[in-house]
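Chain letters run A, B, ... following the sequence lines, proteins first and then strands; every chain starts at 1.
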Amino acid sequence: MPDQPISTASSPADERQPGVPPFRYTARLANEIELAWQDRWAAAGVHHAPNPVGDLSAGFDAAAGRPKAYILDMFPYPSGRGLHVGHPLGYIATDIFARYKRMTGFTVLHAMGYDAFGLPAEQYAVQTGTHPRITTEQNIESMRGQLRRLGLGHDDRRSVATTDVTFYRWTQWIFLQIYNSWYDDRAGRARPIADLVAEFESGALEPISAANPERKPWADLDDLTRRRVVDSWRLAYLDEQPVNWCPMLGTVLANEEVTADGRSERGNYPVYRRPLKQWVLRITAYAERLLRDLDLVDWPEPVKLMQRNWIGRSEGARLRFAVEQTRDAIEVFTTRPDTIFGATYMVLAPEHHLVSAITPEAWPKGTPESWKGASPASSPRDAVAEYRAAAAAKSDVQRQAETKEKTGVFTGSHAINPATGERVPIFIADYVLMGYGTGAIMAVPGHDERDFEFAEAFGLPIRDVVYPAPIAAAAWFLAHTPDADAFPLGWELAIADFVALATGAGYDAARYPELLDVVRTRRAPVGEDAIPVALPAIDQPGGVGERRGAVQAVWIETLGDIIALGFERAREVFAAGKFWRTRGAPYTEPGVAVNSPAIDGLRTNEAKRRAVEHLESLGAGTGAVTYKLRDWLFSRQRYWGEPFPIVFDEHDLPVALPESMLPVELPDLDNFQPEATEDPDAPPRPPLGRASDWAAVTLDLGGGPKSYRRELNTMPQWAGSCWYYLRYLDPTNEREFCDPAVERHWMLGQISNTAGLCGGVDLYVGGVEHAVLHLLYARFWHKALYDLGHVSTVEPFQKLYNQGYILAPAYTDSRGVYVEASEVEERDGGFYHRGEPVRREFGKMGKSLKNSVTPDEICAEFGADTLRLYEMYMGPLDQSKPWNPRDIVGMHRFLQRLWRVMIDEETGASRVVEAAADDTTRRLLHKTIAGVRADCESLQFNTAIAKLNEFTNHLTRTRADSSCPREVAENLILLAAPFVPHIADELWRRVGHDTPGVVLEAFPVADPALLVEDTIELAVQALGKVRCRITVPADAGEDAIREAALADERVRQALAGRTVRKVIVVPGRLVNIVAS
RNA sequence: GCCGGAGUGGCGGAAUGGCAGACGCGACGGAUUCAAAAUCCGUUGCCCGAAAGGGCGUGUGGGUUCAAGUCCCACCUCCGGCACCA
């Protein structure tokens, strides 16, 4: 576009600094270039990605046949404070990657939206009365401007905000999909709710439900009960859940919003645990799939691990203990059924539903006073009631804070241990949680720390039924060789025997009749002459008794692990009692069962299996799996969120609105505050309750108009972020949340065989703080949509990448209060704020540390390209690194050199000539191409930039006549284009091209022939040091290299008087001469 | 407590088991300038030495290897996650 110059042909003199050439790449020039190109990209729609069908399909034919790349950022909350330089770190990275992908032949989807529902806008509204929609829209607008300034190549037609009615209409629609389905465990997937009714009708499924306590057949249920039964099977259901209820704020609070002393972080009002009827999503139905499918995705291992831990699968057994004197049975979950022989009491969570049923009127004879509660109470009922009330008053946080002290009361009842037939007392205690397992445990104080502490406090029997194999072994060994030092030759063998015995592998009662007796009678025989004990495992092969090196290690196989024994070290550890059960802690690791008639001598894994079999044969339980994951509490007493598409009828039962009545729009309000009250038992009155015209409606939902009242809660902030990546695909679709053909195009792409690949977003970049919640919730919704046939991939995000944080210096004054970092001066190694000395620390950039730096100020000072480059150059993308303003200039100078290589600073004319590059330059160029490509593929932008810098430095140092061969200039521009798109486009234009964006060009490809050198330099090491370097032909043989190395004068000197014992030639690397 | 991740010059950081410190900042010296800023060129891990050269060096201690920042074991420090999960 020569007639339309992008940047000024000459600069007004008054804007320039004297002495600076008019066409030097300064901040002023950078800003001109950048703004002009941003306009041109937008005008030409350079970043538009074509869909196969629908509104956005223009240009699809040209792109058809290319592989797709869907590159996604975790979208921001549009805060009123705007962005600081930490925010765009990930956005810049994805932009570079997206541009790189386009230039290497992909059709790329890259868009940006706003997660705009949420508390800050609502709180601002409460304070000022400004409608959150207004603040939100203003914030989005200013953030858009900030992002545009960075040159991010987003398809702006696809930008969505979760608060748009056209967006949340489909959030509500997805909620209805979830509401109108149930999880079929037999099929392992969600199915439409109509199928469930059919299953009940045909008798294929029993209508089991709390709403049908007598388990009547479906045919015998009335309509209302049928509705209640079906509702209790849905993936979205109403449930009474204990929540943090703050009556003064009129809302429930997340655990993070409650302080350690049980008050609200905001306002310091009391917070109560209180059951409230809430919407809950049945994410637990997906626990197994959410766990299993982590194997399909390319995610950082720590994130997968965090999700696995969060889901918390444990395998074990559900066992039933009959309660004496009542017909009840208490079901417990345990991961160690093999320890049931050591279960000497039971504990129920205070909220357990059986508590009142099993609590008798009077204490049994001989009940210790300490079991009767703090007072102590005169009857079990009083003691239990008192304890339950105290437990209910505590928040989760408080419960955790008091984690050390074990408290509880005796219920007055006993149960029968099904394995031993013994009577065991039943307690209630708050160390047993209602939300996990069955809310009840069998307590095995010999092998569980918590039970042990409780047993110590209440004087309950502690019985060992498992011993660690090496200890069982040691006990035996001691019995036979009381003095280990008297065993200098045979000890290895003895241990070998012994371990075989202990592990059950070579258990031979006839050969070692004493073993069990020894174990039973010699508990914890710690002594000076004790035998070595196991140190943690290594998976290294090695026979029993193998000696290794100076440390006389013995490798012993125990329990399927290989355990290292360093004799002296182990004796030390052993003597210190670290691995030994003395009178202290219980033994909690796997070991060998003892004192357990049905399973004696077995190692834990086998013992668990056999114990379950044994208990099954007694009718006392079955094997079972439990998860830590809880169902997802989905209601919030807030205004600024998605309304539920749900109304309640005259029976107070929920009714889903039909799709045709969507969207359910948020009503306008003047006052956004929930109604506060001091009465903790008053029902919550969410802000939507104020919209009385809205809350009470008359609708015809079939069968004529009737009165309904709307659900007044709103959805949590996570709702929109669960599916926004699907709306980017087809943002303007009014008929569907996303067209299936579009969805397949971008999510499935060319994957025809999904084995081993789950498809989905090709690269998802965001912070680790979302490792669990957002990513788990989104996976859950995606799987539900998959089950119902709305999406084609089982997982939403194929590859996940966590960018690090940008840290910045923060300063505290003498009171420990943060001061504005931008006002701090550095003098003589000290830091001062308004004359006062302050202390420096480093922390995450943000408002709380008063250390934010905005991208706008950096753009003004250096330009966006410099900022982009600096953020990528700071270090590896996934690491946290400190923001150092001093370093930025290095990247600016690099761009100045890049510019100067091709442009005359005085005239602005191109220095590109049609001559060929010299051989060295060409080789270095192709090496750079290969390197930058490899680095881009693996998101190692810091080293890619270093390579570009290195090549540019080579050019500035070698060009004698200040001209630049075209081949060099153009390749360099293309290589730099993804990183610094504005200057690249400007240079591309100035060297004679006319396109709306260099991103449309092809990325350079290295010529393999130029990557191979004719001669290579090898380092020669002698006696462990580099003595010299030799240059040899690249194809030199080992013999020739060896000779050349040995012939070198310096090598000969170093080797003088020594015998060469070995020469190692590593082709292409070095030569190492070993001599003695 | 349990589970992860990370420790390399003055600073940010490079380094398929094969020449530690690429590249950038800073510092020092020089060019330009009346001067400064900006820009450009050169030097720069530490110690000894005028130099040539030598010694020491990737948190600590061991091990494997011809060769370890990189692999193995133990320990120390920092950061993150979970936390009475039976």
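Under the Watson-Crick and G-U wobble criteria, each requiring two contacts below 3.5 Å, nucleotide B:G42 is paired to B:C28. Base pairing of B:C23 is made with B:G12, judged by Watson-Crick or G-U wobble geometry with both donor-acceptor distances under 3.5 Å. Pair assignment for B:C82 gives B:G1, based on Watson-Crick or G-U wobble hydrogen-bonding distances that are each under 3.5 Å. When both distances must be under 3.5 Å, the Watson-Crick or G-U wobble mate of B:G49 does not exist. When both distances must be under 3.5 Å, the Watson-Crick or G-U wobble mate of B:C34 does not exist. In this structure, B:A6 forms a base pair with B:U77, meeting either the Watson-Crick or the G-U wobble geometry with both donor-acceptor distances under 3.5 Å.
Side chain of A:Arg897, nearest nucleotide from B:A22, B:G18, B:C40: B:C40. Of the candidates B:A86, B:G42, B:G18, B:G42 carries the atom nearest the A:Arg957 side chain, counting heavy atoms from C-beta on. Distance from the side chain of A:Asp887 is smallest for B:C25 among the nucleotides B:C25, B:A86, B:G18. With B:C23, B:G18, B:A86 as the candidates, the nucleotide lying closest to the side chain of A:Tyr873 is B:C23. When distances are taken from the side chain of A:Gln940 to each of B:A15, B:G18, B:C41, the shortest belongs to B:A15. When each of B:C82, B:A86, B:C66 is scored by its nearest atom to the side-chain atoms of A:Ser314, the top-ranked nucleotide is B:A86. Among the nucleotides B:C84, B:G26, B:C66, the one closest to any side-chain atom of A:Tyr431 is B:C84. Considering only side-chain atoms of A:Trp310, the nucleotide from B:A86, B:C82, B:A14 that sits closest is B:C82. Among B:C3, B:G4, B:A15, the nucleotide with an atom closest to any side-chain atom of A:Asn309 is B:C3. Nearest nucleotide to the A:Gln879 side chain, out of B:G13, B:G18, B:G26: B:G13.
Using atom P as the reference point in both B:A35 and B:G26, the two lie 22 Å apart (nearest Å). Rounded to a whole angstrom, the distance from the P atom of B:A67 to that of B:A74 is 23 Å. One P atom belongs to B:G57, the other to B:C3, and the distance between them is 34 Å to the nearest Å. Atom name P, nucleotides B:U44 and B:A37: the rounded distance is 24 Å, in whole Å.
Within 4.0 Å (heavy atoms only), A:Lys628 reaches at least one base atom of the nucleic acid. Contact annotation for A:Arg893: backbone-only contact, meaning every heavy-atom pair under 4.0 Å involves sugar-phosphate atoms and none involves a base. Residue-level contact check: A:Val1074 touches the backbone only, with heavy atoms under 4.0 Å from sugar-phosphate atoms and none from bases. A:Asn1072 comes within 4.0 angstrom of a nucleotide base, judged by non-hydrogen atoms across all strands. Backbone-only contact: A:Leu305 has heavy atoms under 4.0 Å from sugar-phosphate atoms and none from a base. Contact annotation for A:Glu301: no contact, since no heavy-atom pair falls under 4.0 Å across all strands. Among the protein residues, A:Arg308 comes within range of no part of the nucleic acid, since none of its heavy atoms lies under 4.0 Å from any strand. Among the atoms of the strands shown, only primed sugar atoms or phosphate atoms (P, OP1, OP2) are found under 4.0 Å from some heavy atom of A:Asn953. Residue A:Thr626 is classed as having no contact, given no heavy-atom separation below 4.0 Å to the nucleic acid.
Judged by atom type and distance alone, A:Lys406 reaches the base of B:C84 through a side-chain donor-acceptor pair under 3.5 Å. Judged by atom type and distance alone, A:Arg1069 reaches the base of B:U16 through a side-chain donor-acceptor pair under 3.5 Å.
Residues A:His892 and A:Tyr25 place their aromatic rings such that the two centres sit under 6.0 Å apart. Aromatic pair A:Tyr873/A:Phe941: centroids not less than 6.0 angstrom apart.
Of all non-hydrogen atoms in A:Phe979 and A:Cys936, the two that sit nearest each other are CZ-SG, 3.8 Å.
In this pair, A:His774 and A:His770 present their aromatic rings perpendicular. The plane angle is above 60°, beyond the 30 to 60° band.
Of the two residues contacting RNA chain B, namely A:Gln896 and A:Met891, the nearest-nucleotide position lying further toward the 5' end is that of A:Met891. In this structure, A:Gln1021 and A:Tyr436 both approach RNA chain B, and ranking their closest nucleotides by distance from the 5' end singles out A:Gln1021.
The closest donor-acceptor contact from the side chain of A:Asp887 to the backbone of A:Tyr870 lies at 3.5 Å or more, if one exists at all.
Salt bridge present: A:Arg308 and A:Glu301 bring a charged side-chain N and a carboxylate O closer than 4.0 Å. In this structure, A:Glu315 does not pair ionically with A:Lys608, as no charged nitrogen and carboxylate oxygen lie closer than 4.0 Å.
Glycosidic torsion of B:G55 falls outside 90° of 0, placing the base in anti.
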